[in-house]
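See below for the structure under consideration.
This is a predicted model, so every value here is computed, not measured. Every heavy atom of this structure was used, including side-chain atoms; hydrogens, water molecules and symmetry mates were not.
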Amino acid sequence: AYEELRTFCKANGVSASALTSAAFGLTVGIYTNQTESLFSTLYHGRDDKTKNIVGMFVKTLPVYLRWSGDKKILELLQELTAQIKTSRANDIYSFADVNKICPMKGKPLFAYHGNVRTHSEICGKPCEEKFLDKSATGDALEIEVMNSEAGLNVQVHYDGGKYSEQFIETFIRCYEN
């Protein structure tokens with residue numbers, strides 16, 4: 001599944017992050033009966049200067065997606081690729097400042113991690129993955145997508161007071177299709 005995703009993205013000049021984010025945004029739109037969606041996403045925050053430095057560089061960025069019946073999906077993906085690229089290039093504007101203008105608290109958080117969790121060692125030393133308690137973010141719904149040998153792996157963290165398990169299962173089936 002990941003190779004198919006990568007091949008499609010490369011052939012069409014779009015990013016895997018945009019494709020998976022668009023799928024999430026469209027799924028949110030289907031469930032809210034809207035033609036637009038607003039959510040936040042994460043990216044590693046690294047560039048050529050910081051790619052080999054150990055540290056926390058993660059950035060949170062807003063994603064706005066708007067579509068209509070006459071817009072082709074490829075056009076939507078290209079627009080979103082450009083939006084994400086621009087947001088990353090201008091990430092000096094803090095998320096706290098963005099949040100003052102357009103409050104994102106409680107909005108869904110979506111993150112496409114790609115191959116970020118494929119390392120079995122750091123600096124030549126073995127390492128293992130440890131999951132953090134996701135309830136600390138305060139987000140009512142958090143979706144993470146990672147590449148794995150079996151395809152794309154979707155992990156969901158949600159506030160059980162706001163969403164039922166049945167709703168989440170149905171939402172994820174819709175996202176995956």
Side-chain angles (χ1 to χ4, degrees), residues 1-48 51 57-95 98-99 101-104 106-118 137 139-158 163 167-177:
Y2 172 65
E3 283 306 315
E4 292 171 350
L5 175 92
R6 207 171 105 174
T7 301
F8 173 86
C9 290
K10 188 172 184 174
N12 291 287
V14 298
S15 69
S17 178
L19 190 142
T20 56
S21 294
F24 178 75
L26 289 167
T27 304
V28 169
I30 289 167
Y31 272 80
T32 60
N33 197 30
Q34 301 294 315
T35 57
E36 62 184 350
S37 60
L38 175 67
F39 54 96
S40 56
T41 191
L42 304 174
Y43 92 103
H44 53 71
R46 295 184 180 275
D47 57 24
D48 288 337
K51 68 181 179 184
F57 297 95
V58 174
K59 306 286 184 179
T60 306
L61 303 172
V63 177
Y64 176 70
L65 191 61
R66 184 182 189 109
W67 59 93
S68 61
D70 60 336
K71 186 179 281 192
K72 304 232 184 277
I73 192 71
L74 187 56
E75 181 183 351
L76 181 73
L77 293 173
Q78 290 167 339
E79 287 175 3
L80 191 54
T81 295
Q83 179 193 140
I84 291 170
K85 188 175 184 177
T86 300
S87 292
R88 289 177 178 179
N90 295 292
D91 69 1
I92 194 74
Y93 193 66
S94 78
F95 186 72
V98 171
N99 203 40
I101 297 166
C102 182
M104 298 289 290
K107 300 278 190 242
L109 174 67
F110 175 84
Y112 172 71
H113 295 296
N115 289 326
V116 75
R117 293 185 172 170
T118 60
T137 67
D139 295 309
L141 177 62
E142 184 177 320
I143 311 280
E144 295 178 278
V145 177
M146 291 144 289
N147 301 331
S148 71
E149 291 178 14
L152 295 178
N153 178 14
V154 179
Q155 292 186 6
V156 183
H157 310 278
Y158 63 95
Y163 300 102
F167 172 84
I168 294 297
E169 288 173 1
T170 305
F171 182 88
I172 294 305
R173 273 196 309 273
C174 183
Y175 172 77
E176 291 176 334
N177 291 317

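Looking only at side-chain heavy atoms (C-beta outward), Leu76 and Leu26 come within less than 4.5 Å of each other. You'll find the side chain of Ser21 reaches within 4.5 Å of the side chain of Phe39, heavy atoms only. Between Leu152 and Asn147 the shortest side-chain heavy-atom distance falls below 4.5 Å.
Taking both residues in full, the closest heavy atoms of Leu42 and Ala111 are given as CD1-CB, 4.0 Å, listed atom of the first, atom of the second, then distance. Across all their heavy atoms, Gln78 and Asn12 have their closest contact at NE2-O, 3.6 Å. Among all heavy-atom pairs drawn from Pro62 and Gln83, the shortest one is O-OE1, 3.9 Å. Residues Ala22 and Leu80 approach most closely at N-CD2, 3.6 Å, considering heavy atoms. Closest heavy-atom contact between Gly25 and Trp67: O-CH2, 3.5 Å.
For Ala23, the side-chain contact (heavy atoms from CB on, under 4.5 Å) partners at least two apart in sequence or on another chain are Tyr175. Scanning for side-chain contact (heavy atoms from CB on, under 4.5 Å) contacts around Gln34 gives Thr32, with sequence neighbours left out. Not counting sequence neighbours, Thr7 has no partner by the side-chain hydrogen bond (donor to acceptor under 3.5 Å, both in side chains) test. For Tyr31, the ring pair (Phe, Tyr, Trp, His ring centres under 6.0 Å) partners at least two apart in sequence or on another chain are Phe167, Phe171. For Ile30, the side-chain contact (heavy atoms from CB on, under 4.5 Å) partners are Cys174, not counting sequence neighbours. Taking the side-chain hydrogen bond (donor to acceptor under 3.5 Å, both in side chains) definition, one finds that Asp70 meets it with Ser68, sequence neighbours left out. Residues forming a side-chain contact (heavy atoms from CB on, under 4.5 Å) with Ile168 (at least two apart in sequence, or on another chain): Leu141, Val156, Tyr158, Tyr163, Ile172. Remark: Lys10 pairs with no residue by the side-chain hydrogen bond (donor to acceptor under 3.5 Å, both in side chains) rule, at least two apart or across chains.
The list of salt bridge (Lys or Arg N to Asp or Glu O under 4.0 Å) pairs with a residue in residues 71-80, not counting sequence neighbours, reads Lys71-Glu79. Residue pairs meeting the salt bridge (Lys or Arg N to Asp or Glu O under 4.0 Å) criterion with at least one member in residues 19-31: none, sequence neighbours excluded. Screening residues 22-36 for salt bridge (Lys or Arg N to Asp or Glu O under 4.0 Å) gives Glu36-Arg66 as the qualifying pairs, with residues at least two apart or on separate chains.
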Working note: Val28 + Leu65, criterion side-chain contact (heavy atoms from CB on, under 4.5 Å); need CA distance, chi angles, decisive distance, verdict. CA-CA 10 Å; Val28 169; Leu65 191 61; over 6 Å; no
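With hydrogens and angles ignored, the 3.5 Å screen pairs a side-chain donor or acceptor of Thr41 with a backbone N or O of Phe110. Listed for the Ser15 side chain is no donor-acceptor partner under 3.5 Å among the backbone atoms of Thr81.
We find the CG-CD1 distance between Leu77 and Ile84 to be 9.5 Å, quoted to the nearest 0.5 Å. For the atom pair Thr27 OG1 and Glu176 CD, the distance stands at 10.0 Å (nearest 0.5 Å). Taking OH from Tyr112 and CD from Glu144, the interatomic distance works out to 13.0 Å, rounded to the nearest 0.5 Å. Residue Ser17 holds its OG atom at 13.0 Å from NZ of Lys85, rounded to the nearest 0.5 Å.
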